[in-house]
2 protein chains.
Amino acid sequence: MEKVNANNKKQMKQKVTLKQIAKELDVSISTVSKALKDSVEISLDTRQKVKAFAKLYNYKPNNIALSLKNRKTKTIGVIIPEIVHHFFTTVIGGVEKVANEKGYNVIICSSNNSFDKEVINMEMLASGSADGFILSVAKETQLKKDYHHIEETMSQGMPVVLFDRIIDELVCDKVIIDDAKGAQSATNHLLSIGCKKIAILTTVDYISVGKLRTNGYLRALRAYDIPENEEYILKIEDIDNCEAEIESFLKGKDIDAVFAVNELFAVTAIRVLHEQGKRVPDDVAIIGFTDGILSKHFIPSLTTISQHGEDMGIRAAKLLIDKLEGDESVTEEYRTVIIDTSLVQRKSTKKTKD
Amino acid sequence: MEKVNANNKKQMKQKVTLKQIAKELDVSISTVSKALKDSVEISLDTRQKVKAFAKLYNYKPNNIALSLKNRKTKTIGVIIPEIVHHFFTTVIGGVEKVANEKGYNVIICSSNNSFDKEVINMEMLASGSADGFILSVAKETQLKKDYHHIEETMSQGMPVVLFDRIIDELVCDKVIIDDAKGAQSATNHLLSIGCKKIAILTTVDYISVGKLRTNGYLRALRAYDIPENEEYILKIEDIDNCEAEIESFLKGKDIDAVFAVNELFAVTAIRVLHEQGKRVPDDVAIIGFTDGILSKHFIPSLTTISQHGEDMGIRAAKLLIDKLEGDESVTEEYRTVIIDTSLVQRKSTKKTKD
DNA sequence: AAACCTTACGAAAACGTTTGCGTGTGGAAA
DNA sequence: TTTCCACACGCAAACGTTTTCGTAAGGTTT
């Protein structure tokens with residue numbers, strides 16, 4: 001459905017440049033530039049005239065020209081696997097916060113989990129649009145193990161900060177959570193409230209965070225002398241269609257708790273359990289990972305491991321800006337910041353009172 | 001927690017420019033430029049040499065220089081009120097899709113619902129970083145009714161496309177849904193399954209979409225000859241703390257349905273109703289607005305009005321790019337695209353069989 | 001009157017491109 | 001031998017800044 005409006009000829013007030021001001025005031029471009037910067041080289045009289053004129057015509061220096069001249073853009077490129085994703089957007093929120101404070105602009109691109117798009121975005125931003133990168137790599141990139149675009153960018157002197165889905169082999173700043181430790185404490189929580197038969201819903205192994213969380217789960221079990229049981233482990237292949245996998249996995253299985261490595265698996269498990277006539281948390285306790293919208297608002301609300309996405313973004317941005325503005329000493333060392341996770345207790349793991 | 005890695009001196013392979021290639025090959029800059037473009041002016045021999053060299057050194061033209069020269073950036077600026085928001089990110093997804101197809105870059109900024117930040121972001125992007133804007137205005141801007149930054153941008157010849165939270169007074173392209181109509185069909189659906197005492201959970205009036213949806217609700221009631229009842233209308237002030245408001249509103253109220261103007265209100269209503277001992281959908285039917293994560297995964301899953309965010313983004317991007325690349329005729333007319341909403345039936349309004 | 005110093009400004013280069021036009025070289029035609 | 005024309009390339013301007021350096025005008029010292 002469309003409506004079309006006729007248009008009254010708008011009078012364009014094209015952007016005014018130094019050159020135009022100079023011509024108008026019959027002085028040179030350099031005089032205008034200096035006057036606007038309050039240089040003592042220029043007489044007070046001229047300064048005032050120029051500034052008044054500039055204000056009147058709403059002069060704003062052209063960023064592109066400045067970028068070209070200064071050889072820096074004051075822009076941070078952020079590339080994430082998915083834009084429609086609560087965790088990543090909270091990270092972006094953190095990045096923006098710091099960036100804006102420090103006078104940086106933020107360009108966000110989504111790789112859509114595609115290796116090719118990640119490369120394209122990176123090259124595009126690297127060729128003049130951004131001074132440095134904050135990046136969480138695409139699934140495909142993790143699978144393919146091809147990091148030439150990232151290495152190339154770094155070798156051109158542009159700092160890169162990896163977060164969440166990082167790449168161990170790459171020598172650069174990183175911001176992560178201790179996924180294994182978070183998973184371990186999630187599992188510990190289930191053990192501590194008396195659960196013994198704990199299933200895990202995780203991802204296939206090439207997703208680094210999935211694998212790490214699985215490891216944490218196993219570690220917790222070992223510490224409790226509970227033998228690893230393949231039957232309690234489901235590695236979900238197709239996230240978009242996880243319900244079917246979870247359903248057949250859970251069918252008739254004798255468990256008293258589920259640890260899900262993300263929100264979606266957690267709530268899907270609850271739904272499936274409901275349909276199978278089990279109650280959460282009374283029959284089966286559920287714990288998730290990532291403290292997003294679903295966890296907060298679901299019924300029952302989800303006990304979960306918070307990754308503190310905003311903090312991650314803040315730390316990542318700080319690391320990057322330090323690199324961008326720092327001297328040699330800062331430029332030459334690489335940090336890995338590990339953000340502490342925390343257990344957020346809600347109703348999906350209500351303590352059983354027996 | 002931090003780890004510091006010592007760093008083996010990286011050998012920087014600084015970005016190579018036309019000038020460097022020219023010097024290396026002992027030809028002029030223009031020859032290099034033309035050779036790379038396969039100009040017939042240049043001998044085949046030279047062309048091949050230049051291209052080989054450029055490839056070897058991974059030459060990529062500098063975007064900034066190109067932008068300066070061409071006076072366009074091939075970049076779309078998107079400004080949204082919140083980045084951590086499912087609907088807005090789906091819109092961005094749509095924008096990116098079209099933009100990438102057409103060779104445009106996308107810069108996303110969040111105004112955080114602040115008027116000042118909206119102005120700053122806009123001015124920053126307008127001074128050279130973007131060719132045009134896709135914008136959903138901040139709450140504060142709607143309250144303040146100060147649109148000078150948008151008008152100014154437009155008068156400088158940069159096209160602006162408004163979406164979702166638009167401003168009627170502004171003459172520019174717009175992409176919206178018919179909020180009132182969507183709300184009306186939501187209400188109609190409730191009426192059609194036999195509900196008679198329908199409450200609405202909406203926002204305060206200065207939020208344009210909230211007001212429009214309230215109007216739609218009222219229109220639907222009128223069509224059924226149901227008198228407007230103030231007692232059934234709750235205008236929520238503090239979204240972050242809506243639970244308390246909803247709780248006291250719903251307490252002891254005799255209703256058989258709730259229409260919530262967003263997901264959060266809807267699921268909060270369900271939670272409150274649960275606590276008050278009522279069942280959804282058996283005692284009270286619920287319908288929401290915006291088809292997001294919560295609606296899809298909640299138990300019961302939510303019947304809702306889908307706004308088709310991705311489509312909105314696609315249309316907005318197309319409108320903008322048409323303006324950017326179009327000739328006069330296209331530049332001089334403004335369209336308002338109305339995206340059709342649709343009713344997504346799920347379990348929160350299961351048909352009562354009586 | 002010559003030498004000097006301020007003051008106030010302009011010229012030009014630089015950032016990395018693209019492109020219209022000018023030009024030197026060589027060979028072919030006259 | 002002269003004239004002409006392709007051919008292959010370089011020059012320079014332009015985009016909008018910033019900044020270094022040069023310099024004219026005018027006044028102040030000797």
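Within every chain, numbering begins at 1; the chains are lettered A, B, ... in the order of the sequence lines, protein sequences first and strands thereafter.
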At a cut-off of 3.5 Å, list every protein nitrogen or oxygen paired with a nitrogen or oxygen from nucleotides 23-27 of chain D, distance to 0.1 Å.
none

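Tested against A:Asp146 for a side chain to side chain donor-acceptor pair (under 3.5 Å), the candidates A:His148, A:Gln142, A:His149 yield a single pass: A:His148.
At most 12 heavy atoms of other shown residues, nucleotides or ligands fall within 6.0 angstrom of atom NZ in B:Lys97. Within 6.0 Å of NZ on A:Lys117 lie more than 12 heavy atoms contributed by other residues, nucleotides or ligands.
D:dG16 atom C1' lies 12 Å from atom CG of A:Asn70, rounded to whole Å. At whole-Å resolution of the value, CD in B:Gln14 and P in C:dC15 are 13 Å apart. Between B:Lys15 atom NZ and C:dG16 atom P there is a gap of 11 Å when expressed in whole angstrom units. If you measure from atom NZ of A:Lys69 to atom C1' of D:dT19, you get 6 Å, rounded to the nearest angstrom. One atom, CG of B:Leu68, and another, P of C:dG16, lie 12 Å apart when rounded to the nearest Å. One interatomic measurement links the two molecules: CG of A:Leu36 to P of D:dT17, which rounds to 10 Å at whole-angstrom precision. In this entry the distance linking CG of B:Leu25 with C1' of D:dC9 reads 14 Å, nearest Å. The nearest whole Å value for the distance from the CG atom in A:Leu66 to the C1' atom in D:dT17 is 6 Å.
Here A:Lys102 does not pair with A:Glu325 in a salt bridge; the nearest charged N to carboxylate O distance is not below 4.0 Å.
The aromatic rings of B:His85 and B:Phe88 sit tilted relative to each other, their planes meeting at an angle between 30° and 60°.
Residue B:Lys37 places at least one side-chain N or O under 4.0 Å from the OP1 or OP2 atom of C:dT18. OP1 and OP2 of C:dA14 both lie 4.0 Å or more from every side-chain N or O belonging to A:Arg71. Checking the phosphate oxygens (OP1, OP2) of D:dC15, a side-chain nitrogen or oxygen of A:Lys19 falls inside 4.0 Å.
For the helix from C:dA1-D:dT30 to C:dA30-D:dT1, the axis fitted to the five pairs at one end and the axis fitted to the five pairs at the other end meet at an angle of 90° (nearest 10 degrees).
Side-chain contact between A:Met122 and A:Leu135: present, with at least one pair of heavy atoms (C-beta onward) separated by less than 4.5 Å.
Minimum heavy-atom separation, A:Gly128 to B:Ile64: O-CG1, 2.9 Å. When all heavy atoms are compared, the tightest approach of A:Asn105 to B:Cys109 is OD1-SG, 3.8 Å.
Remark: the backbone N or O of A:Ala316 is not paired with any side-chain donor or acceptor of A:Asp173 at under 3.5 angstrom. Panel note: side chain A:Lys60, backbone A:Lys15; no donor-acceptor pair is recorded below 3.5 Å. At distances below 3.5 Å, at least one donor-acceptor pair connects side-chain atoms of A:Asn63 with backbone N or O atoms of B:Met124.
Across all strands shown, B:Lys72 has no heavy atoms under 4.0 Å from either base or sugar-phosphate atoms.
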Worksheet entry | Contact state string [nucleotides 5-12 of chain C, B base, S sugar-phosphate only, - no protein heavy atom under 4.0 Å] | ---BBBBB

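Nearest nucleotide to the side chain of A:Ala65, out of C:dC15, D:dG16, C:dT17: D:dG16. Picking from D:dT18, D:dG16, C:dT17 the nucleotide with the shortest atom distance to the side chain of A:Thr17 gives D:dG16.
A donor atom on one side chain and an acceptor atom on the other are not found under 3.5 Å apart for B:Arg71 and A:Asn62.
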